[in-house]
Amino acid sequence: MSLKSERRGIHVDQSELLCKKGCGYYGNPAWQGFCSKCWREEYHKARQKQIQDDWELAERLQREEEEAYASSQSTQGAQSLTFSKFEEKKTNEKTRKVTTVKKFFSASSRTGAKKVSPEKVEKAMDQIEKYIMTRLYKYVFCPETTDDEKKDLVVQKRIRALHWVTPQMLCVPVNEEIPEVSDMVVKAITDIIEMDSKRVPRDKLACITQCSKHIFNAIKITKNEPASADDFLPTLIYIVLKGNPPRLQSNIQYITRFCNPSRLMTGEDGYYFTNLCCAVAFIEKLDAQSLNLSQEDFDRYMSGQTSPKKQESENWSSDVCLGVKQMYKNLDLLSQLNERQERIVSEAKKLEKDLIDWTDGITKEVQDIVEKYPLEIKPKNQPLAAIDSENVENDKLPPPLQPQVYAG
């Protein structure tokens, strides 16, 4: 199975999506890169090894207990009859415990466990999963010890930046102009968004399965024939881009960590979940070559300078709905306003930088002038003395006139 199709124009690095065991099927990151079949084989191998290790441990414990019992019998053979009965009772208790452990790991016990039908086991595990995960949901979903929230923001930002991707670019075989097909697309988007509102991993997985079934129905109605796997994956990618499900990575990790492994490794649930993981991986690495575009056009679309839908609207026929025309006209206007806003913000940042540079330049010039021409403050001058205060003798002036009194 391959995601690369020259007819469709979609290119994906298969070495990162195929099973690492080399079987040719899609690998799932939740299963360490294996497909469901290879992961099931690895799981059974690990389980058989664990059973063998437990069996060997039980045998070793039994030997140790027998050796301890033989040693105690040899050292205490000369004790009284009452004490011997006590030791015999104690030894029988130990032997009974060892026999119970051995019986637990015996082949007969393992054979007896198979008497329960797989359907009943599956149903019991589903009920246990529902009870436990409903109680622990707020503690184990997107915990602070992981980077799930950071990955959610990265994927959400990436999908928003790819809002311009059209079904034609992904070669999606779905015609949304057909009312029934449009309804299927809306239901598929609703199901993938509703996944975040569920608490039980099995319920989240059921939302993915229901979404996938709506996608298959939409393809079948459009092509008037059963859908293939090559048609399903591009359509699922388009649904994810159009719906932008909240906390997508957190939900995927939650299902991977806590869902019943047998449900992920077998059946349609595991198949659809694997395809969702592949769709997210494709979106994260989507580039110009994947959409069969030039790098220049891809960069312009990503930056919001233009939109491929604007070019399509110029070739519309006269019978197109006026509401649709007005909608795309408004989108074009918003795109122009966005470009204008980005230009204003860029010029404002440039002006701010110029003001900072001018302030720094003026400050430096003032400092240079102060250093070149330092300010010197001279001492304050002495106050001027009166004209005739201390110059009587030095200037040899006549003494001051004295008032005289005349008789008469």
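The first residue of the sequence shown is numbered 1, and numbering continues consecutively from there.
- Distance alone, capped at 3.5 Å, is enough to place a donor-acceptor pair between the Thr190 side chain and the Val186 backbone.
- A salt bridge does not link Lys130 to Asp126: none of the charged side-chain nitrogens sits closer than 4.0 Å to a carboxylate oxygen.
- To the nearest 0.5 Å, atom CH2 of residue Trp164 and atom CG of residue Leu291 are 5.0 Å apart.
- The distance from atom CG of Leu236 to atom CG of Leu170, rounded to the nearest 0.5 Å, is 11.0 Å.
- Tyr137 meets the ring-ring contact (aromatic ring centres under 6.0 Å, His included) test with Phe141, Tyr254; sequence neighbours excluded.
- A ring pair (Phe, Tyr, Trp, His ring centres under 6.0 Å) check over residues 171-200, counting only residues at least two apart or in different chains, returns nothing.
- In terms of the salt bridge (Lys or Arg N to Asp or Glu O under 4.0 Å) criterion, residue partners of Asp269 (sequence neighbours excluded) are, by chain and number, Arg263.
- Annotation: salt bridge (Lys or Arg N to Asp or Glu O under 4.0 Å) contacts of Lys213 (sequence neighbours excluded): Glu268.
- Under a 3.5 Å cut-off, the side chain of Gln253 and the backbone N or O of Cys142 do not form any donor-acceptor pair.
- Heavy atoms from other residues, nucleotides or ligands lying under 6.0 Å from CD of Glu149 number 12 at most.
- Between Asp354 and Trp358 the shortest side-chain heavy-atom distance does not fall below 4.5 Å.
- Between Lys157 and Asp152 no salt bridge is recorded (no basic side-chain N to carboxylate O distance below 4.0 Å).
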Working for salt bridge (Lys or Arg N to Asp or Glu O under 4.0 Å), residues Lys364 and Asp360: CA-CA 6 Å; Lys364 188 176 183 304; Asp360 295 340; over 6 Å; no
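- Among all heavy-atom pairs drawn from Pro201 and Ile255, the shortest one is O-CG1, 4.3 Å.
- Considering only heavy atoms from C-beta on, Cys277 comes within 4.5 Å of Phe273 through its side chain.
- Asp230 and Ser228 form no side-chain donor-acceptor contact under 3.5 Å, judged by distance and modelled atom types alone.
- Each of Asp203, Leu205, Ile252, Leu248 was scored for a side chain to side chain contact (heavy atoms under 4.5 Å, CB included) with Met195, with one residue passing: Leu248.
- Other residues, nucleotides and ligands contribute only 12 or fewer heavy atoms inside 6.0 Å of the CZ atom of Arg135.
- Under the rule for a salt bridge (Lys or Arg N to Asp or Glu O under 4.0 Å), Lys187 has no partner lying at least two apart in sequence or in another chain.
- Of all the heavy atoms in Ala227 and Ile219, the pair that sits closest is CB-CG2, 3.4 Å.
- The closest side-chain heavy-atom distance from Thr146 to Arg257 is below 4.5 Å.
- Between Ile193 and Gly243, the shortest heavy-atom distance links the atoms CD1-O, 3.8 Å.
- In this structure, Ile239 CD1 and Ile215 CD1 are separated by 5.0 Å, a value rounded to the nearest 0.5 Å.
- Salt-bridge formation is detected for the pair Glu194/Lys198: a Lys NZ or Arg NE/NH1/NH2 atom is positioned less than 4.0 Å from an Asp or Glu carboxylate oxygen.
- With sequence neighbours left out, Lys151 forms a side chain to side chain donor-acceptor pair (under 3.5 Å) with no residue at all.
- Across every non-hydrogen atom of Thr222 and Val174, the tightest pair is OG1-CA, 3.7 Å.
- The backbone N or O of Arg300 sits less than 3.5 Å from a side-chain atom of Ser303, completing a donor-acceptor pair.
- Under the ring-ring contact (aromatic ring centres under 6.0 Å, His included) criterion, Phe232 pairs with Phe216, Tyr272, sequence neighbours left out.
- Inspection of the Gln249 and Glu284 side chains reveals an N or O donor paired with an N or O acceptor under 3.5 Å.
- Pairing each heavy atom of Cys207 with each of Asp191, the nearest pair is CB-O, 3.5 Å.
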Stepwise side-chain contact (heavy atoms from CB on, under 4.5 Å) check, Leu293 with Tyr301: CA-CA 10 Å; Leu293 296 174; Tyr301 295 154; 4.1 Å; yes
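- Residues Lys220 and Glu225 are not in side-chain contact: their nearest non-hydrogen atoms beyond the backbone lie 4.5 Å or more apart.
- Side-chain contact between Leu241 and Ile237 is present, with heavy atoms from C-beta onward closer than 4.5 Å.
- Among pairs with a residue in residues 195-214, none fulfils ring pair (Phe, Tyr, Trp, His ring centres under 6.0 Å), at least two apart in sequence or across chains.
- Between the side chain of Thr363 and the backbone N or O of Thr359, at least one donor-acceptor pair lies under 3.5 Å.
- Annotation: the span from Gln127 atom CD to Ile132 atom CD1 amounts to 11.5 Å, rounded to 0.5 Å.
- With sequence neighbours left out, Asn224 forms a side chain to side chain donor-acceptor pair (under 3.5 Å) with no residue at all.
- A side-chain N or O of Ser290 and one of Asp287 form a donor-acceptor pair less than 3.5 Å apart.
- Counting only residues at least two apart or in different chains, salt bridge (Lys or Arg N to Asp or Glu O under 4.0 Å) contacts with residues 160-177 comprise Glu176-Lys242.
- Taking CD of Glu347 as the start and NZ of Lys349 as the end, the distance is 12.5 Å to the nearest 0.5 Å.
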Step-by-step side-chain contact (heavy atoms from CB on, under 4.5 Å) determination, Val185 to Thr235: CA-CA 10 Å; Val185 171; Thr235 310; over 6 Å; no
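- Checked for salt-bridge contact, Asp357 and Lys353 meet the test: a charged N lies under 4.0 Å from a carboxylate O.
- Atom CG of Asn251 and atom CG of Asp196 lie 4.5 Å apart (nearest 0.5 Å).
- Residues meeting the side chain to side chain donor-acceptor pair (under 3.5 Å) test with Arg158, sequence neighbours left out: none.
- Residues passing the salt bridge (Lys or Arg N to Asp or Glu O under 4.0 Å) test with Lys372: none are found, sequence neighbours excluded.
- Of all the heavy atoms in Asp148 and Pro143, the pair that sits closest is OD2-CD, 4.1 Å.
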